[in-house]
Number of protein chains: 2
Amino acid sequence: MAYDDLPFRMLAASNAMTEAIDAGVRAAGYPDLRPAHGFAFVRLSGPGCTLVELADHMGMTKQSASTLVADLERKGYVRRSPHPVDGRATMLTLTPRGVAATEAASRAGRDVVRRWAREVGDERLEVFAQVAAVMAREGRVRPTW
Amino acid sequence: MAYDDLPFRMLAASNAMTEAIDAGVRAAGYPDLRPAHGFAFVRLSGPGCTLVELADHMGMTKQSASTLVADLERKGYVRRSPHPVDGRATMLTLTPRGVAATEAASRAGRDVVRRWAREVGDERLEVFAQVAAVMAREGRVRPTW
DNA sequence: ACCATATAGTCAGACAGCCTGACCAAACAG
DNA sequence: CTGTTTGGTCAGGCTGTCTGACTATATGGT
């Protein structure tokens, strides 16, 4: 078997996923969010984190992360508050709007997965997810989107 | 089933693929090539194409494509020649070095696919490829890599 | 044959997202 | 209580993309 075009299929599939989620998020009323933001939101969810932790998660410098956070704060998705125990650090957390946007993204993701599941069947999708997990082991999730 | 992290797996898997190919190409002696270049090479292979055709393939403006081609020409991977029938256009083709780099990329792709096939089995990989094809139908292959 | 319009490609300028380097202030370790 | 580490900002630069304006060739209607 050749699988010469598997790289292209994988790329196209992952782009289709990203675009579907992005479109869902926009349609839900958050047109100023881009896919990279969603990746940040994952880390910001729950208890939140500091800037350096976010930068590490995103695989970027703290300077770049700082710019990103400033943007998200200006748009009303992220809040900065003093760190409870470390006077140098800032705690970053999602605002209610940020949480709502995160939920919209999850919903959009579930929707497209469900649609695909109907097309290919639950069994095949399950195999796909398992194989993807194996492949994903050696690949960082970079916010290349 | 949840599949809440399927988007991340897909992204990580596609990044793993891209990085494996990129690493293979570098190791084969083409350190000045980046994944986006490989995507251009696909269109430049064989009879070649014009700048506008390449731009369309890459999903970018002709101005950006022009910059890309200038870079590839300077590095010795692409040749410009007058178009046989259209005096306005330029024919873009791969140099022997460009063809060799393309082959190195194919080889690297096959290698990593073969490795994964050994891990998950031919059957599961086949299902993966089929499902990816379905997903890929609605996603452009953008040179986001 | 001629002119109007469409097309291939270039040049110039701007912007977004990322980087490196230098720096400040709080925390921590001896 | 002083030296080093760590969280974060500011300043400046690079790269890849974009839009807008332009030249030159091709094409089609009269």
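Scope of the values below: all heavy atoms of this structure, side chains included, with no hydrogens, waters or symmetry mates. The sequence lines fix the lettering, A, B, ..., with proteins before strands; numbering per chain opens at 1.
When rounded to the nearest whole Å, the span between NE2 of A:His37 and P of C:dC18 equals 9 Å. For the pair A:Arg34 CZ and C:dA16 P, the interatomic distance rounds to 11 Å; values are reported in whole Å. When the P atom of D:dG16 is taken as reference, atom CG of B:Leu72 falls 11 Å away, rounded to whole Å.
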| request: Report the C-alpha separation of B:Asp22 and B:Arg34 in whole Å, then their side-chain angles, then the decisive distance to 0.1 Å, and conclude whether the salt bridge (charged side-chain N to carboxylate O under 4.0 Å, His left out) test is met. | output: CA-CA 7 Å; B:Asp22 193 44; B:Arg34 303 198 320 109; over 6 Å; no
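Considering every non-hydrogen atom in both A:Arg97 and A:Tyr77, the closest pair reads NH2-OH, 3.1 Å. Across all non-hydrogen atoms, the minimal contact from A:Ser14 to B:Leu11 is OG-CD1, 3.5 Å. Of all heavy-atom pairs between B:Ser45 and B:Leu94, the closest is OG-CD1, 3.6 Å.
For B:Ser64 and D:dG16, the shortest distance from a side-chain N or O to OP1 or OP2 is not below 4.0 Å.
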| field | Annotated protein contacts, base or backbone, on nucleotides 2-10 of chain C with a non-hydrogen cut-off under 4.0 Å, one of B, S, - each | value | ----BBBBB
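A residue-by-residue look at A:Val85 and A:Thr61 shows that A:Thr61 has its nearest nucleotide of DNA chain C further toward the 5' end.
Linking ILVMFWY residues whenever their side-chain heavy atoms come closer than 4.5 Å, directly or via other members, places A:Phe8 and A:Trp116 in the same cluster.
Of the possible donor and acceptor atoms, one in the side chain of B:Thr95 sits under 3.5 Å from a partner among the backbone N and O of B:Gly76.
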